[in-house]
Amino acid sequence: MSNYHFNEIEAKWQKFWAENQTFKAENQSDKPKYYVLDMFPYPSGAGLHVGHPLGYIASDIYARYKRHQGFNVLHPQGYDSFGLPAEQYAIQTGQHPAKTTKQNIRRYREQLDKIGFSFDWSREVQTSDPEYYRWTQWIFIQLFESWYCKQQEKALPIAELVLIFEKEGNFDVNAKCDNNQCFFNAESWNGFSEEKKQKVLLNYRLTYLAETQVNWCPKLGTVLANDEIVNGVSERGGFAVIKKKMTQWSMRISVFGERLLSGLDTLDWSESIKETQRNWIGKSVGATVEFRLQHEKEEIKKLTIKAFTTRPDTIFGVTFLTLAPEHELVAKITTIPQRIAVKEYVTSSAKKSERERMTDVKNITGVFTGAYAKHPLTDELIPIWIGDYVLAGYGTGAVMAVPCGDQRDWDFARHFDIPVINIFKGVDISEQAYTSKENIVITNSDFLNGCSYNNATDKAIEELKKRNLGAKEINYRLRDAVFSRQRYWGEPFPVYYKEGLPQMIDEKFLPIRLPEIEKYLPTESGEPPLGRADSWAWDSSKNKIVSNKLIDHHRIFPLELNTMPGWAGSSWYMFRYMDALNKNVFSSKEAMDYWKNVDLYIGGSEHATGHLLYSRFWVKFLKDRGFLSVDEPFKKLINQGMILGESAFIHRIEGINKFVSVSKIGNLKTQPIHADVSFVNASNELDTEAFKNWRPEFKDAEFVTEDDGSFKVSRDVEKMSKSKYNVVNPDDICEQYGADTLRMYEMFLGPLEQAKPWSTAGITGVHSFLKKTWRLFHSGVEDSFFVSDEAAPKNSLKTLHKTIKKVTEDIENFSFNTSVSTFMIAVNELSVQKCSSKEVLTPLLILLSPYAPHISEELWSKLGHKESISIASFPKFEEKYVVEDVKMYPISFNGKMRFTLELPLEMSKDEIESVVMSHEKTIHYLDGRPPKKVIIVPGKIVNIVG
RNA sequence: GCUGAAGUGGUGGAAUUGGUAGACACGCUGGACUUAAAAUCCAGUGGACAGUAAUGUCCGUACGGGUUCAAGUCCCGUCUUCAGUACCA
């Protein structure tokens, strides 16, 4: 007796794989390499639900497939273990995040192991492990020690920049750096104090400390990067975010804007993710225009307001300027009568949260500064306004307003009665602005009259350049990323402060470990949690961390109190896997030269502008500095769709502890309450006893049932989450049906990239397929293992090769759902054919093993193999077994007679010809005359035009 | 508002470059086995009409047009849904 005992089989083989290190990848091999990576999980306290493994199953199928094909496959896994939830939990319970993180990781590992992934766990990484984050800190130091040279389009060591400064000052340095730079020659550089030099260099470094407008989230007590804010609220928790000026570490990602943009063209990613990144980078080509100020004070007359525009062709349509309320010149230029109004406006817009600003979009607000600027080409005076439709963070924070050509300028002008000049010939702008660039003829514009958009743009820029009041400019939306977090559970910066200036700790003293603290909250004086650490100062003579009571500012200095953001550790982990145990470098050159970059990366699309952009940035930087040899981290990207939960709702009559089954609700006033989905079966019937025992308040609940006595709930699709009681644990599925069923069912659910609700309804179909497969290898009478050595009948070989072809194509296209169907068809056909031939069953088993590794491995060993099935080579499709019968359809009698011949793809040219010839007679018979012309479309359809 | 993706039975979803729409699975119906249930196996299952029946005819891929011998697939227009994004000058 030998039934399919999946639990035993799976436990047995998981143990075997672990003991034999079956999936350990070697860093040296004659085989070609292939690197399959999943986005590593954050180990949350809730554990895995059935949605998490979806991508891992897909990548595992692909990894196993590639191993069968003879590739040396790197398929590692690890944990992104720094993050907010562990810290929030620590605040509530006082438990050290390291402790809860460790527990969560153990639980994740147990759950992952049960699904039978072919991960190489010998390379596991954890971003919160000091042996890992020492290298995150090391990369930070390298960024600090680098600047970006525009000429070479490359990051270079800052020491080289210092040499240039010492020799010739900064006049000829073409660096990407902060805008408000002053120039100096070698002499003045050499005369600068050390402090001044460091301040100047901060403007060039790729990570720098600066006072900037940041997104401050008071509820989380930390600043956030732009990608961590969704719809004006924090991504985590959904709390309000306001703009605030703070001194923070920033990453000069903006200097890589162009390369991050052009690099996208080389990547095999979905168009939508590429488009999202393009929008995020937001390149726009235009010009800067400078407006001199007209003012009673001489010193202000010397100043200019710079505005960025994409429409230099409309320069003669400018009737006012608008500055962002935060613009630095606002206070200087405002005239005395306007002061109160301006001040009020500036403070009120500073108080607005991002959210309020966004909902206020339609309200036109602004105030006149009282000041005027001179038009650069006509010298006419134009009023300067401030308005919060102008963003401080984009362009120069100033807009040259052209009401006739921009809807927002038009609205603003109309609202405040500012004159409008129409510079478009034959266009009516009385109702709205004319924003198109196509087919326009410029008028009312002096030397631009009669020009098209292109012409006018070129001419206008030329003229501005001549007057030294403007130039062509490319502007990016991409901002430098704020890198400090006022949090505990993150990488400490390897930084201490000497006279207020940041100093790097020498890399040989890394890692700088997180200090112990008692409470995970900001200090009473508002410092980040690290301010609570008693020993958090750097003794520069002993090169170690000492008590901060000793700080003397001569040799014992305060350490940085902020920590790094979540994306620091995840921006480079794909390279650590290549050489995870290396103690000397973040990853050895040999390992990185061998594995290069990730061939296939699978993960959710929610990281489109965060992780996926930041890691591209770090890789480009590390490449520039010669630390690695590739330009992009992830060659191919697949975004698996989210698996949603099917929440169950039980309806309570308002005010009383009585529940109504769905069809009995009628006009009753009821309130839907989430019921745990584990109490509900596939036909939406609630286990009322289980529900009563769920919580004390339901103990005495009464139920109004259906006529048949059952109690039904309603269903709704929502995101899977603990709070919605719709979480399905993969462990339960493994227990009941086995990991192989879970794996195949998750794939069968639908296309990989599509979001879909989890429903256990169809799982029996997949499960019984596996049982059928098992039976195929067992004789009917005694039900014992049996395969024959006899040659396979032709029809079974045909079934096999059809399956090989389809499954191979499906894996290559990531259409895993259809290949499950293909397997089902194959097993049904072979059952009908009563095929027991080894010749067919062995290749079928190999074919199946990426999807259902445990059952395949068990049957494989029963066939007498000692080695794991994973080393068997993937069966190859053989054409000769799939030649189908040729079918022929008369299509229509429409003056001419046409026939369609269906021919198998695999037929050779000779065969096709013979088929066509053999069908000529039929054509002759129906048509009454021989065919005149034969059109052959190879492998597909043959049109015979008579 | 803009950008992107998509609309196919009762349900999830198949359908290479246009070529027998609805594969496969769930569900449902009927049958076999069983004292019975579960499990398992077998058959049927888009709709309408005709026929005792085998079968045949017509209609069907959001809606309206178009191209083609042939359209779920290509083109134009409309509607709907989902996702992303949001004053970007």
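The chains referred to below are lettered A, B, ... by the order of the sequence lines, with proteins before strands, and numbering in each begins at 1.
In this model, no donor atom of one side chain and acceptor atom of the other lie less than 3.5 Å apart for A/Asn726 and A/Ser721. There is no side-chain donor-acceptor pair under 3.5 Å between A/Ser270 and A/Glu753.
Of the P atoms belonging to B/U34 and B/C28, the separation is 24 Å, rounded to the nearest Å. B/G46 and B/G10 are spaced 11 Å apart, taking the C1' atom of each and rounding to whole Å. Between B/A25 and B/C42, the two P atoms lie 10 Å apart (nearest whole Å). Between B/U68 and B/G13, the two P atoms lie 36 Å apart (nearest whole Å). Between B/G27 and B/G64, the two C1' atoms lie 35 Å apart (nearest whole Å). Between B/U78 and B/C2, the two P atoms lie 12 Å apart (nearest whole Å). Distance noted for atom P between B/G56 and B/A21: 14 Å (whole Å). Nucleotides B/C74 and B/C24 are separated by 28 Å at their C1' atoms, to the nearest Å.
Rounded to whole angstrom, the span from the NZ atom of A/Lys802 across to the P atom of B/A14 amounts to 20 Å. For A/Leu478 and B/A86, the CG to P distance is 13 Å, given to the nearest whole Å. In this structure, A/Lys756 places its NZ atom 15 Å from C1' of B/A5, rounding to the nearest Å. Atoms CE (A/Met824) and P (B/C24) sit 11 Å apart, rounded to a whole Å. Rounded to whole angstrom, the span from the NZ atom of A/Lys805 across to the C1' atom of B/A23 amounts to 16 Å. Distance A/Arg414 CZ to B/C87 P: 24 Å, rounded to the nearest Å. In this structure, the CD1 atom of A/Ile386 is 18 Å from the P atom of B/C87, given to the nearest Å. What separates CG of A/Leu749 from C1' of B/U11 is a distance of 12 Å, to the nearest Å.
For A/Arg775, the side-chain atoms get nearest to B/C41 when compared with the rest of B/C41, B/G4, B/A89. Of the candidate nucleotides B/A89, B/A23, B/A86, B/A89 has the atom lying nearest to any side-chain atom of A/Val390. Checking B/C88, B/U3, B/C24 against every side-chain atom of A/Glu275, the shortest atom distance belongs to B/U3. The side chain of A/Arg477 sits closest to B/A86 out of B/A15, B/C26, B/A86. Each of B/C26, B/C87, B/A86 was ranked by its minimum atom distance to the side chain of A/Trp280; first place goes to B/A86. Residue A/Phe748 places its side chain closer to B/A25 than to any other of B/A25, B/A86, B/U3. Of the listed nucleotides (B/G84, B/A25, B/G13), B/G13 has the atom at the smallest distance from the side chain of A/Asn817. Listed nucleotides B/G13, B/G84, B/A23 differ in distance to A/Thr276; the shortest reach to its side chain belongs to B/G84.
Between A/Phe320 and A/Phe416, the ring centre distance reaches or exceeds 6.0 Å. A/Phe6 has its ring centre less than 6.0 Å from the ring centre of A/His767.
Aromatic ring orientation, A/Tyr745 versus A/Phe748: tilted (interplanar angle from 30° to 60°).
Nucleotide B/G9: unpaired (no Watson-Crick or G-U wobble partner with both distances less than 3.5 Å). Nucleotide B/G60: unpaired (no Watson-Crick or G-U wobble partner with both distances less than 3.5 Å). Nucleotide B/G30 has B/C42 as its partner under the Watson-Crick or G-U criteria, with both atom distances under 3.5 Å. With a 3.5 Å ceiling on both atom-pair distances, B/U35 lacks any Watson-Crick or G-U wobble partner. Across all strands shown, the partner of B/G19 is B/C69, judged by Watson-Crick or G-U wobble contacts whose two distances both fall under 3.5 Å. In a base pair of the Watson-Crick type (N1 to N3 plus N6-O4 or O6-N4) or a G-U wobble (N1-O2 and O6-N3), with each distance short of 3.5 Å, B/A53 is matched with no nucleotide. Remark: B/G1 base-pairs with B/U85. Criterion, Watson-Crick or G-U wobble with two distances under 3.5 Å.
Residue A/Glu809 is out of contact with every strand shown, counting any heavy-atom pair closer than 4.0 Å. The residue A/Asn828 sits close only to the backbone: its heavy atoms come under 4.0 Å of sugar-phosphate atoms, none of a base.
Each of A/Thr309 and A/Gly750 was matched to the nucleotide of RNA chain B holding its nearest heavy atom; the match closer to the 5' end belongs to A/Gly750. Along RNA chain B, the nucleotide nearest to A/Pro757 and the one nearest to A/Lys772 differ in position, and the one closer to the 5' end is contacted by A/Pro757.
Distances shown here put a side-chain N or O of A/Gln754 below 4.0 Å from the OP1 or OP2 atom of B/G13. When the side-chain nitrogen and oxygen atoms of A/Arg278 are compared with OP1 and OP2 of B/U3, none of them lie within a distance under 4.0 Å.
Taking 90° from 0 as the syn/anti boundary, the base of B/G9 is oriented syn.
A/Tyr4 does not carry A/Lys771 over the face of its six-membered ring by the limits of under 6.0 Å from the centre and within 45° of the normal.
A salt bridge is absent between A/Glu829 and A/Lys798; no separation between the charged side-chain nitrogens and carboxylate oxygens falls under 4.0 Å.
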Can you give me every donor-acceptor pair (side chain of residues 818-827 of chain A, partner residue at least two apart or in another chain, under 3.5 Å) with its distance?
{"unit_1": "A/Thr818", "atom_1": "OG1", "unit_2": "A/Asp810", "atom_2": "OD1", "d": "3.4"}
{"unit_1": "A/Thr818", "atom_1": "OG1", "unit_2": "A/Asp810", "atom_2": "OD2", "d": "3.1"}
{"unit_1": "A/Thr818", "atom_1": "OG1", "unit_2": "A/Ser815", "atom_2": "O", "d": "3.1"}
{"unit_1": "A/Ser819", "atom_1": "OG", "unit_2": "A/Phe816", "atom_2": "O", "d": "3.1"}
{"unit_1": "A/Ser819", "atom_1": "OG", "unit_2": "A/Tyr851", "atom_2": "OH", "d": "2.4"}
{"unit_1": "A/Thr822", "atom_1": "OG1", "unit_2": "A/Thr818", "atom_2": "O", "d": "2.9"}

